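Just so you know, these numbers use all the heavy atoms, side chains as well, and skip hydrogens, waters and symmetry mates. Quantities reported herein were computed from a predicted structural model and do not represent experimental measurements.
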Amino acid sequence: MKNISNTSKILIASIFLVILVYCIYGLLFWTIKGENEKVSILSNEAKIDLQKDESLRATKVSLSNNKDSIENIDSHFLAPDGVVGFIEGLESLGREAGVSISVASVTVEADSKNKNDFKETLRLRVITTGSWSNTYYFISLLENLPLSAEIKNATLSLTGASDKLAFTGASVSSRKPAAEEKWKGEIELTVRKLK
């Protein structure tokens, strides 16, 4: 081999060093670029989490500020575990009205159109026995329940009467009911209930 001059050696060493520096620079560039992408992703996630946190705090404040309104709205619906208490309340209303009542059927139905609805329908069939005025009073108490309730159907029939009942003229007011005469009522009632 030929002797390489010092100038050539310096030139080759310089070229080698320049290539080495460019390789190191490229490696650092790709490493920093990757880290920047990670930082950008984490920064975006932090912004989203911050927005969610602010939204959650605003929701909590709104719920706290509207607590009375929410309780008022909730009071129009039967609680999820309130069916037994509601039936006991109906029996209490029956005693207050002076009629004997029995609950013939109870069903709970979810809304078939909206599967994620927060409410469902409680259907009851109540049978009452008592005088006309007491039965009528009981029905008026049902109509004035503070819940989202609706009387779907009410049927009243007279049992134990000794004569015919005519709903015309003066005979209604002058009629004297028999001692064993009772009015039987069948009432279908629906109540909105929370799930």
Could you grab the distance from atom [atom1] of [X] to atom [atom2] of [Y], nearest 0.5 Å is fine?
| X | Y | atom1 | atom2 | answer |
| --- | --- | --- | --- | --- |
| Thr107 | Glu120 | OG1 | CD | 10.5 Å |
| Thr7 | Ile12 | OG1 | CD1 | 11.0 Å |
| Glu150 | Arg123 | CD | CZ | 9.0 Å |
| Thr135 | Lys182 | OG1 | NZ | 9.0 Å |
| Ser55 | Ile48 | OG | CD1 | 13.0 Å |
| Ile139 | Leu189 | CD1 | CG | 11.0 Å |

Does Glu54 come within less than 4.0 Å of Arg57, counting only side-chain N to carboxylate O? no

Any salt bridge between Arg125 and Glu186, counting N to O under 4.0 Å?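 Glu186 and Arg125: salt-bridged.
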
Spell out, yes or no, whether Val84 and Val191 are grouped together once hydrophobic residues are joined by side-chain heavy atoms under 4.5 Å, including indirect joins. no

Is it possible for you to say whether Leu17 and Tyr25 belong to one hydrophobic cluster, with membership spreading through side-chain heavy-atom contacts below 4.5 Å?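 No, Leu17 and Tyr25 fall in different hydrophobic clusters.
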
Determine, step by step, whether Ile101 and Leu93 satisfy the side-chain contact (heavy atoms from CB on, under 4.5 Å) criterion, reporting the C-alpha distance in whole Å, the side-chain angles of both residues, the deciding distance to 0.1 Å, and the verdict. CA-CA 9 Å; Ile101 73 164; Leu93 285 178; over 6 Å; no

Strictly distance-based, threshold 3.5 Å: is any side-chain N or O of [X] a donor or acceptor partner for the main-chain N or O of [Y]?
| X | Y | answer |
| --- | --- | --- |
| Ser43 | Ser40 | no |
| Ser64 | Lys60 | no |
| Thr31 | Leu27 | yes |

Would you mind reporting whether [Y] and [X] have side-chain heavy atoms less than 4.5 Å apart?
| X | Y | answer |
| --- | --- | --- |
| Leu42 | Glu45 | yes |
| Ile10 | Ser14 | yes |
| Phe86 | Leu145 | yes |
| Lys184 | Thr128 | no |

Minimum-distance pair of heavy atoms, taken over all atoms of [X] and [Y]:
| X | Y | value |
| --- | --- | --- |
| Leu141 | Ala97 | CD1-CB, 4.2 Å |
| Phe138 | Leu90 | CE1-O, 3.8 Å |
| Ile127 | Ala104 | CD1-CB, 3.9 Å |
| Trp132 | Trp183 | N-CD1, 3.2 Å |
| Gly98 | Asn134 | O-ND2, 3.3 Å |

What pairs with Glu143 under salt bridge (charged side-chain N to carboxylate O under 4.0 Å, His left out), at least two apart in sequence or on another chain?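 Counting only residues at least two positions away or on another chain, Glu143 forms no salt bridge (charged side-chain N to carboxylate O under 4.0 Å, His left out).
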
